[in-house]
Student: 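Sharing a structure, written as structure tokens. Questions coming.
What you see below is based on every heavy atom in this structure, not just the backbone, and it leaves out hydrogens, waters and symmetry mates. Naming convention: chains lettered A, B, ... in sequence-line order (proteins, then strands); numbering from 1 in each chain.
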2 protein chains.
Amino acid sequence: MNKDLSDRLRRHGLHVTAQRLAVLRAVSEHPHITADAVLDLAQAELGAISRQAIYDALNTLADKNLIRRIQPMGSPTRYEARVGDNHHHLICRICGRVEDVDCAVGAAPCLMPSDAMGYEIDEAEVIYWGRCPACQAQADMHNQT
Amino acid sequence: MNKDLSDRLRRHGLHVTAQRLAVLRAVSEHPHITADAVLDLAQAELGAISRQAIYDALNTLADKNLIRRIQPMGSPTRYEARVGDNHHHLICRICGRVEDVDCAVGAAPCLMPSDAMGYEIDEAEVIYWGRCPACQAQADMHNQT
DNA sequence: ATCAAAATATTGACAAAGTCCAGAATATCT
DNA sequence: AGATATTCTGGACTTTGTCAATATTTTGAT
Ligand SMILES: [Mn+2]
Ligand SMILES: [Mn+2]
Ligand SMILES: [Zn+2]
Ligand SMILES: [Zn+2]
């Protein structure tokens with residue numbers, strides 16, 4: 001319930017506000033959600049909340065690592081509350097579906113590129129692009145002779 | 001020279017125009033360039049070219065796989081002419097530098113996630129995030145006691 | 001409970017990166 | 001030369017997000 005979310009905020013040194021709770025709940029319950037969709041959910045929950053408060057909350061939560069951003073090409077930034085496991089994503093080129101994928105080799109193996117060139121790497125962001133089963137079926141329909 | 005670029009266009013079924021040549025040259029000679037920078041270079045080369053023509057050319061070239069888009073967080077879309085080798089990128093969180101990195105394990109090994117979930121995967125996009133050597137040095141300066 | 005300081009939220013303007021439009025003009029290919 | 005493809009103009013418009021000044025809320029110490 002709210003106790004859980006409040007604690008998460010407090011543990012990270014953040015004031016607990018209705019706005020942040022609504023945003024954190026929206027992201028927790030809807031993985032890979034856009035800021036716009038968060039706004040809709042939060043407005044439904046609170047009656048009113050400013051767009052700026054949404055962005056403030058999302059940015060603060062991301063800064064404090066309570067949530068994570070992903071930014072697929074051609075889509076606005078998306079947010080998820082599943083953090084700390086360096087998991088990857090699988091995105092359909094046709095319909096935009098996003099799936100979570102566990103790290104391919106084990107615990108964050110992808111942090112090791114073939115040559116780090118002196119960089120101090122803290123994250124490997126991996127997106128697999130393809131066509132989801134539904135969109136494949138759809139395409140097959142179309143190709144029927 | 002121009003012969004090379006023209007052939008690349010023709011081979012992909014595209015009309016050869018001064019605008020497309022200028023755009024393709026800009027991208028080929030400046031890996032990870034932004035649309036805005038392409039506009040500057042093309043204007044310098046041709047005297048005049050519309051912003052719309054830049055985007056038309058970039059989108060057409062990307063559609064035909066003559067160039068590739070990458071879209072790092074917090075930066076506008078970037079374009080590069082190095083295609084077909086599924087190479088990765090290393091980006092500095094501080095200054096935004098972008099480096100090419102060869103595929104980690106061999107020939108596009110990353111196309112295999114731990115579980116493809118029925119997706120038909122055609123690309124694995126990998127971005128390593130970190131701090132470049134210069135930005136590390138800068139930070140160290142600051143931390144000097 | 002009360003109160004002040006610090007942190008947040010609201011509001012409205014603003015900005016960046018693109019897209020869309022639609023007819024007229026031009027260039028390319030065969 | 002003729003058919004087709006591309007570009008130009010240039011403003012309006014959209015989406016995603018930030019900025020800055022002001023108002024409100026939260027927190028922790030009385
Ligand atoms: Mn995820
Ligand atoms: Mn590259
Ligand atoms: Zn799909
Ligand atoms: Zn750097």
Student: L21(B) and V27(B): same hydrophobic cluster, using ILVMFWY side-chain contacts below 4.5 Å?
Tutor: yes

Student: Determine, using the 4.5 Å side-chain heavy-atom cutoff (strictly less than), whether L41(B) and L46(B) are members of one ILVMFWY cluster.
Tutor: yes

Student: My understanding is that only residues two or more places apart in sequence, or in another chain, count here; which of them pass salt bridge (Lys or Arg N to Asp or Glu O under 4.0 Å) with R93(B)?
Tutor: D122(A), E123(A)

Student: With sequence neighbours excluded, tell me which residues meet salt bridge (Lys or Arg N to Asp or Glu O under 4.0 Å) with D100(B).
Tutor: R82(B)

Student: In Å and rounded to the nearest 0.5 Å, what is the CG to CG distance from L14(A) to L9(A)?
Tutor: 6.0 Å

Student: Who pairs with E80(A) by salt bridge (Lys or Arg N to Asp or Glu O under 4.0 Å), at least two apart in sequence or on another chain?
Tutor: R68(A)

Student: Looking at K64(B), is its backbone amide N or carbonyl O close enough to the side chain of H12(B) to form a donor-acceptor pair, meaning the two atoms are under 3.5 Å apart?
Tutor: yes

Student: Taking any atom closer than 4.0 angstrom to a non-hydrogen atom of chain B, what span of DNA chain C does the protein reach, first nucleotide to last?
Tutor: dA17(C) to dC29(C)

Student: Can you tell me if E120(A) has over 12 outside heavy atoms packed within less than 6.0 Å of its CD?
Tutor: yes

Student: Can you tell me the distance, in whole Å, between the CG atom of L46(B) and the C1' atom of dT6(D)?
Tutor: 14 Å

Student: Name all residues meeting the salt bridge (Lys or Arg N to Asp or Glu O under 4.0 Å) criterion together with R97(A); count only those two or more places apart in sequence or in a different chain, and write none if there are none.
Tutor: E99(A)

Student: Checking R20(B) side chain against H15(B) main chain: does a donor-acceptor pair fall under 3.5 Å?
Tutor: yes

Student: Please encode protein proximity along nucleotides 11-30 of chain D as a string of B, S and -, counting only heavy-atom distances under 4.0 Å.
Tutor: -----BBBB------SS---

Student: Quantify the bending of the helix from dA1(C)-dT30(D) to dT30(C)-dA1(D) as the angle between its end axes, each fitted on five pairs, to 10°.
Tutor: 50°

Student: What residues form a side-chain contact (heavy atoms from CB on, under 4.5 Å) with A37(A), not counting sequence neighbours?
Tutor: I33(A), T34(A)

Student: Can you name the residues that form a side-chain contact (heavy atoms from CB on, under 4.5 Å) with A62(B), not counting sequence neighbours?
Tutor: I67(B), R69(B)

Student: To the nearest 0.5 Å, what is the distance between OG1 (T60(B)) and OH (Y55(B))?
Tutor: 14.0 Å

Student: Does anything in residues 49-63 of chain B form a salt bridge (charged side-chain N to carboxylate O under 4.0 Å, His left out)? List the pairs, not counting sequence neighbours.
Tutor: none

Student: Short of 4.0 Å, heavy atom to strand atom, which residues of residues 26-33 of chain B count as contacting DNA chain D?
Tutor: none

Student: Are H32(A) and H30(A) close enough that their ring centres sit under 6.0 Å apart?
Tutor: no

Student: Counting only non-hydrogen atoms, which of residues 90-98 of chain A are less than 4.0 Å from DNA chain C?
Tutor: none

